[in-house]
Asker: 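Here's a structure for you.
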Amino acid sequence: MLTTNAEFLRAEISDVIRLFEAAPDVYHHFIYENGRFINEVTVSGEKSVFCEEQPFEGEIEYKRYARRFAKLAVYLALSKATGKVMPWGSLTGIRPTKLAYSEEESDRDFAELFRKFGVSEENISLVKDVLSAQKGIYRKQDGDADLYAGIPFCPSKCNYCSFITADINRTGKFVEDYLSALEREISACQGLYRQLKSVYVGGGTPLVLSAKQIERVLSALAPFVTKGLEYTVEAGRPDVIDDEKLSVLKDFSVTRLCVNPQTFSDETLRRIGRLHTEKDIYRAYELTKKYGFDINCDLIAGLTGESYAEFCGSIDKTIALSPENITVHTLCLKRGAKLKEEESRLYVEDISRMISYAREKLYAAGYVPYYLYRQKYMAGNYENTGWTKPGKACVYNIDVMEEITDNIACGANAVGKKVFLSENKIERIGAPKDIATYISKIDSIIEEKRALFNLR
């Protein structure tokens, strides 16, 4: 339980407390006095006072530093009381790399700030490698944009999934009308950017659609695709991939596919609600590679009932396939997921060893980390990391995670972002989650989108 005199700090402090399982009660008192941010924290009857001098300009900076130092004070007090340290220290933000870039742009060494916040040296090194891998892709330029189209249908729903993905066996009646609405929304995106850096078709599982239905989506996107543009389709589950669909993707100049095993354990796949097997993974991968696509493979550390040895086996088997990108996610409790309904807290035995094994093996195989992000309720308070062979980093993932370009997003539950670089702010626009509502409101969705992105 948290007691504080500063309600505007409650949410941030609560995020820190959440890092510590079964955390003791926290009593927090904040004042700003004589140029100092003063946080008094009492945990298990022991009072600590933390004082930080920090100049600032305006209300926004004041609140930023107030939150930063309050989180650090509570983290240090809880760490002392429990004897636990977290891999990311008191950092609770989704994008540690954004903070690192902010420090560098102010001619400061981000590593000093990260150390102050208790971030491990291993994670500081990880962030340095991510920033290095992003060179040549990371840029802030007005008018840059990425285009996203979402397909919210899947063969079944995984127990960890919080997306609005719908079982196509139950929602097939909406597919044709959904595609018609999506085609209209995509067409309305013309003229909303100056320079398009990538196109991404995500889901859901886009390839759960028939070849003809996929062709409808790609035909709508064709006017936006220029020679050499990165063009990703999240093929997703191996059991929906076949020659006919891959041929359509190739005909429409798709360059990159995601073939996502999540695990190579048939038992784990069954437990999480997947309908494919390890054998299907190999079949789909080899078939996809035949067409010359760059491939990303997703894995998840901490899946329900999966052992350390099984996870390590999945890492080894994925590396042996040698895809251009490998993304290692950490299992996360998400609102709307079946797993969240079954678990209030997430404890995964050996999660630290799993993440360490993945990093060691991927580095040894010549992969480098090129983007990362964090979420609330992640097992072990770790992160999701995208790994790449040198020169094969995904432009879309970097742009979206660093929030440096406009994201023109189409489809149900798609969240678009307009980045105002000179003002250092982002405006978001979200479409309805419900598929039927999205279809019925497509005219207003298009109007709202054009109103935002025409602000240039």
Side-chain angles (χ1 to χ4, degrees), residues 2 4 6 8-20 23 26-43 46-132 352 355 359 369 372-376 378 380-383 385 401-402 424:
L2 169 64
T4 179
F8 78 100
L9 298 174
R10 179 177 291 276
E12 299 279 349
I13 294 174
S14 295
D15 285 343
V16 173
I17 295 172
R18 196 177 293 116
L19 301 177
F20 295 84
V26 173
Y27 299 88
H28 168 259
H29 187 272
F30 166 76
I31 59 171
Y32 177 75
E33 189 175 72
N34 298 325
R36 298 183 302 166
F37 292 83
I38 304 172
N39 288 277
E40 181 181 289
V41 183
T42 302
V43 177
E46 184 170 344
K47 182 188 296 184
S48 303
V49 179
F50 303 87
C51 299
E52 297 282 351
E53 291 188 17
Q54 177 66 54
F56 60 86
E57 293 183 8
E59 184 73 8
I60 293 177
E61 276 202 352
Y62 164 76
K63 288 187 175 180
R64 179 189 305 156
Y65 289 120
R67 288 192 294 265
R68 180 178 293 182
F69 296 135
K71 288 198 301 181
L72 178 58
V74 171
Y75 172 79
L76 292 173
L78 282 171
S79 183
K80 181 179 179 181
T82 63
K84 296 178 181 178
V85 295
M86 301 298 158
W88 290 97
S90 64
L91 288 187
T92 59
I94 293 172
R95 298 172 173 86
T97 47
K98 281 195 72 174
L99 179 58
Y101 273 119
S102 177
E103 288 295 289
E104 290 202 339
E105 288 165 5
S106 299
D107 294 322
R108 296 188 293 265
D109 181 3
F110 81 84
E112 292 184 11
L113 181 64
F114 278 36
R115 289 188 184 101
K116 181 174 183 177
F117 289 166
V119 179
S120 71
E121 288 298 324
E122 183 180 0
N123 281 347
I124 291 173
S125 179
L126 184 73
V127 171
K128 287 180 178 179
D129 287 345
V130 168
L131 268 56
S132 178
S352 297
I355 299 301
R359 290 184 184 183
L372 66 86
Y373 66 102
R374 305 182 65 226
Q375 295 167 286
K376 290 183 180 180
M378 297 189 84
N381 303 307
Y382 281 93
E383 70 289 320
T385 306
M401 291 306 161
E402 304 305 339
N424 193 28

Asker: With Asp15, which residues qualify under side chain to side chain donor-acceptor pair (under 3.5 Å), at least two apart?
Answerer: Arg18, Lys376
Asker: Could I get the full list of side chain to side chain donor-acceptor pair (under 3.5 Å) partners for Glu112, not counting sequence neighbours?
Answerer: none
Asker: Out of curiosity, Tyr65 OH to Ile60 CD1, how far, rounded to the nearest 0.5 Å?
Answerer: 12.5 Å
Asker: Going by salt bridge (Lys or Arg N to Asp or Glu O under 4.0 Å), name the residues that satisfy it together with Lys116, two or more places apart in sequence or in a different chain.
Answerer: Glu52
Asker: Under the salt bridge (charged side-chain N to carboxylate O under 4.0 Å, His left out) rule, what pairs show up with a residue in residues 66-88, not counting sequence neighbours?
Answerer: Glu12-Arg67, Glu12-Lys71, Glu46-Lys80
Asker: For a quick test of reading the model, state the closest non-hydrogen atom pair linking Phe110 to Ile124 and the distance between them.
Answerer: CZ-O, 3.9 Å
Asker: Taking only residues two or more places apart in sequence or in another chain, which ones pass side chain to side chain donor-acceptor pair (under 3.5 Å) with Lys47?
Answerer: none
Asker: Please verify the inter-ring angle class for Phe30 with Tyr62; under 30° counts as parallel, over 60° as perpendicular, anything in between as tilted.
Answerer: tilted
Asker: Is Asn381 reaching over with its side chain to a backbone N or O of Leu19, donor-acceptor style, under 3.5 angstrom?
Answerer: yes
Asker: Could you pull out all residues at least two apart from Glu57 that satisfy salt bridge (Lys or Arg N to Asp or Glu O under 4.0 Å)?
Answerer: none
Asker: Testing the basics here: between Ser90 and Tyr75, what is the closest heavy-atom pair and its distance to 0.1 Å?
Answerer: CB-CB, 3.5 Å
Asker: Verify side chain to side chain contact (heavy atoms under 4.5 Å, CB included) between Phe117 and Leu99, making sure each step is shown before the conclusion.
Answerer: CA-CA 12 Å; Phe117 289 166; Leu99 179 58; 4.3 Å; yes
Asker: Tell me every residue that passes ring pair (Phe, Tyr, Trp, His ring centres under 6.0 Å) with Tyr27, counting only those two or more places apart in sequence or in another chain.
Answerer: none
Asker: Please round to the nearest 0.5 Å and tell me the distance separating atom CD of Glu105 and atom CD of Glu103.
Answerer: 10.0 Å
Asker: So does Ile94 have more than 12 non-hydrogen atoms from other groups sitting under 6.0 Å from CD1?
Answerer: no
Asker: Check side chain to side chain donor-acceptor pair (under 3.5 Å) between Arg359 and all other residues, then give those that pass, not counting sequence neighbours.
Answerer: Glu122, Asn123, Glu383
Asker: Is there a donor-acceptor pair closer than 3.5 Å between any side-chain N or O of Ser106 and the backbone N or O of Arg108?
Answerer: no
Asker: Please give me the minimum heavy-atom distance between Ala6 and Thr4, naming the atom from each residue.
Answerer: N-OG1, 3.1 Å
Asker: Identify, with sequence neighbours excluded, every residue that meets ring pair (Phe, Tyr, Trp, His ring centres under 6.0 Å) alongside Tyr382.
Answerer: none
Asker: According to salt bridge (Lys or Arg N to Asp or Glu O under 4.0 Å), who are the partners of Arg36, at least two apart in sequence or on a separate chain?
Answerer: none
Asker: Can you tell me how far NZ of Lys128 sits from CG of Asp109, rounded to the nearest 0.5 angstrom?
Answerer: 6.0 Å
Asker: Would you compute the distance between atom CG of Leu2 and atom CD1 of Ile17 and round it to the nearest 0.5 angstrom?
Answerer: 4.5 Å
Asker: List the atom of Gly93, the atom of Pro96, and the distance in Å for their closest heavy-atom pair.
Answerer: O-CD, 4.2 Å
Asker: How long is the straight-line distance from CZ of Phe50 back to CG of Leu76, given to the nearest 0.5 Å?
Answerer: 5.0 Å
Asker: When you look at Phe114 and Val127, which way does the side chain to side chain contact (heavy atoms under 4.5 Å, CB included) test go after all the steps?
Answerer: CA-CA 10 Å; Phe114 278 36; Val127 171; 4.1 Å; yes
Asker: Roughly how far, to the nearest 0.5 Å, is the CZ atom of Arg115 from the CD atom of Glu121?
Answerer: 4.0 Å
Asker: List the residues meeting salt bridge (Lys or Arg N to Asp or Glu O under 4.0 Å) with Glu33, not counting sequence neighbours, and say none if there are none.
Answerer: none
Asker: Report the relative orientation of the aromatic rings in Phe37 and Phe69; use parallel for angles under 30°, tilted for 30 to 60°, perpendicular for over 60°.
Answerer: tilted
Asker: Could you list the residues that satisfy side-chain contact (heavy atoms from CB on, under 4.5 Å) with Ala70, not counting sequence neighbours?
Answerer: Leu9, Ile13, His28, Asn39
